[in-house]
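Computed from a predicted structure; not experimentally measured.
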Amino acid sequence: MKLAKRLVLTTTAVAAAAAATLLGTTTVQAASERPAHIPAVHAPAALKVPAGNKLTAVYSARGVQTYTCTDGAWKFLEPAAVLSDRAHRPVALHSRGPVWVSTVDGSAVNASAVASSPKDGAIPELLLKATATRGTGVFGDVTYVQRLNTTGGVAPAGACTGTEQAGVRYTATYAFYKAAE
């Protein structure tokens with residue numbers, strides 16, 4: 001039953017995120033070095049990508065952060081989000097791992113958080129280092145990922161009981177980097 005409930009929550013979250021993608025976008029602030037077709041990003045100093053990496057893709061994301069009740073407290077379980085390009089077209093899915101998978105070319109990147117920057121009323125912004133990639137597309141050979149401009153996604157307040165789960169809506173901007181050539 002718990003697995004079935006999680007699948008329903010995740011499926012609902014992805015469907016809601018896909019629908020929400022058509023209704024809005026995340027704005028991105030200016031930065032210096034990047035190709036003209038890639039939106040600029042602004043990150044806190046704590047989340048700066050090491051030298052030798054270049055910005056290769058920026059996508060807005062809408063989805064949910066899913067929490068599960070563990071020993072009377074909410075514990076993070078998994079994200080489920082749809083990433084969209086500047087034209088608001090869905091281009092990737094983000095899920096547990098964390099992993100990002102391109103729905104355009106099948107490439108993927110797994111990553112692990114290496115730095116965090118708190119944000120009032122929202123999940124923290126993150127710098128993640130790639131732990132594995134697949135394919136030669138947009139996520140092939142990604143070295144770093146930044147989660148920026150976060151809104152929402154914070155665990156529910158208060159105690160919980162049993163095996164409850166809750167999905168909390170969030171938005172973010174994800175910036176992807178590859179080694180500079």
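Side-chain contact check for Leu128 versus Pro98: some heavy-atom pair is nearer than 4.5 Å. Residues Leu148 and Leu47 meet the side-chain proximity criterion, which asks for heavy atoms closer than 4.5 Å. In this structure the side chain of Phe176 reaches within 4.5 angstrom of the side chain of Leu83, judged on heavy atoms. For the pair Tyr144 and Pro50, the minimum side-chain heavy-atom distance is below 4.5 Å. Counting heavy atoms from C-beta outward, Val168 and Tyr67 have side chains that approach closer than 4.5 Å. You'll find the side chain of Ser84 reaches within 4.5 Å of the side chain of Ser60, heavy atoms only.
Interatomic distance, CH2 of Trp100 versus CG of Asn110, reported as 8.0 Å (0.5 Å rounding). Here Glu125 contributes atom CD and Thr173 contributes atom OG1; the two are 9.0 Å apart, rounded to the nearest 0.5 Å. Rounding to the nearest 0.5 Å places CD of Glu164 at 11.0 Å from OG1 of Thr70. One finds the CG atom of Leu77 at 12.0 Å from the SG atom of Cys69 (value rounded to the nearest 0.5 Å). Rounded to the nearest 0.5 angstrom, Asp141 CG and Thr136 OG1 are separated by 8.5 Å.
Put simply, Val104 and Val99 are part of two different groups of oily side chains (I, L, V, M, F, W, Y) that touch within less than 4.5 Å, one to the next. Residues Val145 and Val101 fall into different hydrophobic clusters, defined by Ile, Leu, Val, Met, Phe, Trp and Tyr side chains chained together at heavy-atom separations under 4.5 Å. Val41 and Val49 fall within the same hydrophobic cluster, defined by Ile, Leu, Val, Met, Phe, Trp and Tyr side-chain heavy atoms under 4.5 Å apart, directly or through other members.
In plain terms, the two heavy atoms of Val82 and Pro90 that are nearest each other are CG1-CB, 3.8 Å. The shortest heavy-atom contact between Ser116 and Pro124 is OG-CB, 3.4 Å. Between Ala155 and Trp74, the shortest heavy-atom distance links the atoms CB-CB, 4.2 Å. Between Ala81 and Ala61, the closest heavy-atom pair is CB-CB, 4.4 Å. Residues Lys129 and Val114 approach most closely at CB-CG1, 3.8 Å, considering heavy atoms. Here the closest heavy-atom approach between residue Ile38 and residue Ala57 is recorded as CD1-N, 4.1 Å.
A side chain to side chain donor-acceptor pair (under 3.5 Å) with Glu78 is found for one member of Arg96, His94, Gln65, Gln165 and no other, namely Arg96.
No donor-acceptor pair closer than 3.5 Å links the side chain of Arg134 to the backbone N or O of Gly140. Judged purely by atom type and a 3.5 angstrom limit, Thr150 has no side-chain atom pairing as donor or acceptor with the backbone of Ala122.
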One pair to check against side chain to side chain contact (heavy atoms under 4.5 Å, CB included): Arg147 and Leu127. What are the steps and the verdict? CA-CA 7 Å; Arg147 179 175 77 186; Leu127 174 63; over 6 Å; no
Show your working on side chain to side chain contact (heavy atoms under 4.5 Å, CB included) between Thr56 and Val138 and close with a plain yes or no. CA-CA 8 Å; Thr56 58; Val138 68; 5.8 Å; no
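Between Phe139 and Tyr59, the two ring planes are perpendicular [angle over 60°; tilted spans 30° to 60°].
For the residue pair Thr143 / Asn53, a side-chain donor-acceptor distance below 3.5 Å is found, with atom types taken as modelled. A donor-acceptor pair shorter than 3.5 Å can be found between the side chains of Thr151 and Thr171. The closest side-chain donor-acceptor pair between Tyr177 and Gln146 falls under 3.5 angstrom.
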